2 protein chains.
Amino acid sequence: MTAVPAAPPRSWIAEANLEDADFPLAHLPYGVFSHPLHKSSPRPGVAIGDRILDLAAAAGHGLLAGLGSDLDQACREPALNALMALGPRVWSALRARLTDLLSENSSRAAALARLPDAFTPLADAVMHLPALVRGYTDFYASIHHAENVGRLFRPDQPLMPNYKWVPIGYHGRASSLIVSGAPVVRPCGQIPGPPGQPPSYGPSRSLDFELEAAFFAGPGNALGEPVPISGAGARIFGVCLLNDWSARDIQRWEYQPLGPFLGKNFATSLSPWVVTMEALEPYRVPPPPRAAGDPAPLPYLLDAEDQRRGAIDAVLEVHILSARMRASGVAPLLICRSNLRHLYWTPAQLLAHHTSNGCNLEPGDLLATGTVSGPAPDARGCLLEIASGGSPLALPGGESRAWLEDGDEVILSGYCQRPGLPRISLGRCRGAVASALPQPASTVREY
Amino acid sequence: MTAVPAAPPRSWIAEANLEDADFPLAHLPYGVFSHPLHKSSPRPGVAIGDRILDLAAAAGHGLLAGLGSDLDQACREPALNALMALGPRVWSALRARLTDLLSENSSRAAALARLPDAFTPLADAVMHLPALVRGYTDFYASIHHAENVGRLFRPDQPLMPNYKWVPIGYHGRASSLIVSGAPVVRPCGQIPGPPGQPPSYGPSRSLDFELEAAFFAGPGNALGEPVPISGAGARIFGVCLLNDWSARDIQRWEYQPLGPFLGKNFATSLSPWVVTMEALEPYRVPPPPRAAGDPAPLPYLLDAEDQRRGAIDAVLEVHILSARMRASGVAPLLICRSNLRHLYWTPAQLLAHHTSNGCNLEPGDLLATGTVSGPAPDARGCLLEIASGGSPLALPGGESRAWLEDGDEVILSGYCQRPGLPRISLGRCRGAVASALPQPASTVREY
């Protein structure tokens, strides 16, 4: 465990030492970037202050010497999967080296500062998806979300009987993961008709967002070999923010009996910077106490250390900005403030459960939390919950929203903060809704 | 369309001309193989008679010259994804060239026959998964399966109201796809207790198989760009047999509200030879007529040519062989004979629906049918259906099965056959159940 430092360490990059810096020396998140002006290929980088340290360049100049050839190679890949595969010992060693290279009084700093190609201004970089995700799993780990949604369909029994025993999850679609900033095209699909009327194919009229966090798996496990809960946390590399865009009309009509499919797999946005579990270490807290009468986790999900500090204290927020607000110069409106600590299951429990039947995880697999709603009324992480009372969300300028409209931008953000500790940003995950495309040419013929 | 030949073409490889040959000249399925004795790396091959033509060697010796450098490169990859990406024009050209190379009266045959490394005996080869599947989707396309299963849970309304409108599907787990012959370890998981009792973690007691076919997507579509139904069939490369192993107790407890997860993602077996849609061309038939009162497919799923011959007439069978039967020298018992033509939706409809919201498919993505049950009582494609009447399956020697036991082997097979046409085998997908592993070391501590 990292000891809590008395004062935040300082970097020779002045912008990293600003009080409101998104990327102080204690942070060091990883991402994949390219520099369009330099026509550079996508490569791993680490954010510091107002810039990105190019890990491929750092490796090329020998600044990561002694950390192993696997790491050296991983820093030249166009995705972080290879770094994720190396495991916590190597991750720690790399973090220590980077901290040293970027520290105010480092003997290595001079060597780094001399390299003209080692840094790219954040403002010049194009960010890519941090990893090539093959397995993307979406959980349902917020009991508040499950209760709020369940109440809409089953007022007398909002929670399914399995909820407090099983970390509920399902497989999402990896191919349609997109990086923050990419537009989200309003999907078409089968829209249920009024009672007694047939469905029709057309643009969704009930487009929603979902505020989520998503954990990247590090070293994988072999098929048939579950990861015990005691070792599960150490296999998580880091976390991003994720927007699980949802077309509620398509979802409602299609989801029985096999779960969500086209209602969700048209796009899933991911923030570009992976915040490492090491950076989050000072912000680990116990999971919420179980209510009286609730069952203890089954032994395969129960670990004393995980119960002591398996959750993460991170504020998560959602802002919305409509096209009209943007045109009028109005700032994005805060519509949800939740916290990752509200989840019923810890990240380690999600990973242990996922492998408990022998299912194999691969480096770079993504385990998303599901909508992170909290107990408070202003901590509801999707419009389905926010407008569930029947009153649409009111926006500045007289607009209102039951569902997202074309031009609406949704901005997820998050941070960890505590007196005496540097603020760790969880980054931003943005996406604006684009109009549905013309419907595909169908060959309508006599049947 | 391929004209129906008067007599099957003959190969200079005598074994391909045998009446009961699995791999005649009209077949030419693709797979990925290696030769352990030669320590060769996995590479694409095509099956003919009793051997495999090594496509990497064929390309290396210039036998595929003139078909394009992309194809040449694709034949040297350790998976078929690159070949699948090339699309139907290249697939046809390759098939025509291979047919020529292997035909009795080919001018090129002599050149091929002289190459010592071009062929590997089937008996010596180790088969691998044909593609690196990133997106694996499992549909629910047999209305007979949906009704048989639905009747168990909702006797008054076996089919959900959406069934006849929406090709129901969900995302499966790609990482746990395994090739035919690999053992299937009985999974552990949360097993529901008797009414009023808590669940417990342990080996599944309700292990089942599911008889399925699975289609490989060829060229992908860009995110946001649906594939129209008229072009969907041409984007399918070929088909394998798939066993969607299912732990019914885990599935029953976990599946609400988000669908199957750990009850299925512990292992999914795939046959090694991909049968091309071109080889199946003579066996295309109309989909089953819709019952009176059933809705026509919505326009985005309706294409005249697809309605005319979008289904596939292929017999599918399931055999079972218990450990005791094997020890006694008893032959595998036929327990299901179904047909791919019974599906409610055609392969083109599955693909068009999958992309109808803009979801992007990638070359090598797998679209499985779901259990292919037919209308007849002996055409039930899983034990859940077979034993649903309450009477377990009787095996030779006095054994019986409500669910699979350790040591049981399940063998899926299939073929197309019609007078005057060569028999096209759909191959075999085998898997035997291995005992559950010792449960993972859990750190049971006070809660």
Side-chain angles (χ1 to χ4, degrees), chain A residues 134-135 140 160 162 165-166 168-176 178 185 187-190 198-201 223-224 226 228-230 247 250 253-254 256-262 265-267 295-296 298-300 302-304 307 356-362 437 440-445 447, chain B residues 134-135 140 160 162 165-166 168-176 178 185 187-190 198-201 223-226 228-230 250 253-254 256-262 265-267 295-296 298-300 302-304 307 356-362 437 440-445 447:
Chain A
R134 187 176 177 214
Y140 199 54
M160 296 280 182
N162 57 10
W165 296 96
V166 187
I168 299 295
Y170 72 104
H171 300 122
R173 177 82 192 173
S175 72
S176 49
I178 56 177
V185 178
C188 290
Q190 282 199 27
S200 60
Y201 177 82
L223 184 63
I229 177 71
S230 59
I250 298 173
W253 176 232
E254 75 173 357
Q256 284 191 316
L258 298 182
F261 183 44
L262 299 192
N265 68 9
F266 55 92
L298 289 180
Y300 80 100
L302 186 57
D303 174 73
Q307 292 297 317
S356 65
N357 67 342
C359 179
N360 53 329
L361 295 179
E362 299 176 319
L437 294 176
S442 63
T443 54
V444 186
R445 298 177 193 149
Y447 178 60
Chain B
R134 186 175 178 213
Y140 198 55
M160 296 282 182
N162 56 9
W165 297 95
V166 187
I168 299 294
Y170 72 104
H171 301 120
R173 177 83 192 172
S175 72
S176 49
I178 56 178
V185 179
C188 291
Q190 282 199 27
S200 60
Y201 177 83
L223 184 63
E225 296 181 8
I229 177 72
S230 58
I250 299 173
W253 176 232
E254 74 173 359
Q256 285 191 316
L258 298 182
F261 182 45
L262 300 191
N265 68 9
F266 55 93
L298 289 181
Y300 81 99
L302 186 56
D303 175 75
Q307 292 297 318
S356 65
N357 67 343
C359 180
N360 53 329
L361 295 178
E362 298 175 321
L437 295 176
S442 62
T443 53
V444 186
R445 299 180 192 147
Y447 178 58

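Note that the coordinates shown come from a computational prediction; the quantities given were computed from them, not determined experimentally. Within every chain, numbering begins at 1; the chains are lettered A, B, ... in the order of the sequence lines, protein sequences first and strands thereafter.
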Is it the backbone or the side chain of B/L223 that comes under 4.5 Å from a heavy atom of chain A, or both, or neither?
side chain

Chain B shares the most heavy-atom pairs under 4.5 Å, among A/S176, A/S175, A/G259, with A/S175

Rounded to the nearest 0.5 Å, the CD atom of A/E254 sits from the CG atom of B/N162 at a distance of 8.5 Å

Test side chain to side chain contact (heavy atoms under 4.5 Å, CB included) on B/Q190 and A/L298 and set out the steps.
CA-CA 9 Å; B/Q190 282 199 27; A/L298 289 180; 3.7 Å; yes

Determine the minimum heavy-atom distance between A/I250 and A/C188, stating which atoms define it.
CD1-O, 3.7 Å

Heavy-atom closest pair (B/M160 atom, A/P257 atom, distance to 0.1 Å) is CE-CB, 4.1 Å

When rounded to the nearest 0.5 angstrom, what is the spacing between CG in A/L262 and CG in B/N357?
4.5 Å

Interface check, chain A: of B/W253, B/Y140, B/F266, most non-hydrogen pairs under 4.5 Å belong to B/W253

Contact winner vs chain B - A/P260, A/G169, A/A247, A/A267, heavy-atom pairs under 4.5 Å
A/G169

Heavy-atom proximity to chain A below 4.5 Å, by part of B/L258:
both

If you tally heavy-atom pairs under 4.5 Å against chain A, which of B/G135, B/C359, B/P187 wins?
B/C359

Chain B contacts, top residue of A/V185, A/N360, A/L361 (heavy-atom pairs, under 4.5 Å):
A/N360

If you count heavy-atom pairs within less than 4.5 Å of chain A, which of B/G224, B/A174, B/S200 leads?
B/A174

Could you pull out the closest heavy-atom pair between B/R134 and B/E362, with the gap in Å?
NH1-OE2, 3.0 Å

I'd like to know which of B/G358, B/G189, B/P198 tops the heavy-atom pair count under 4.5 Å against chain A.
B/P198

With a 6.0 Å cut-off on the ring centroids, do B/F261 and A/Y170 count as close?
no

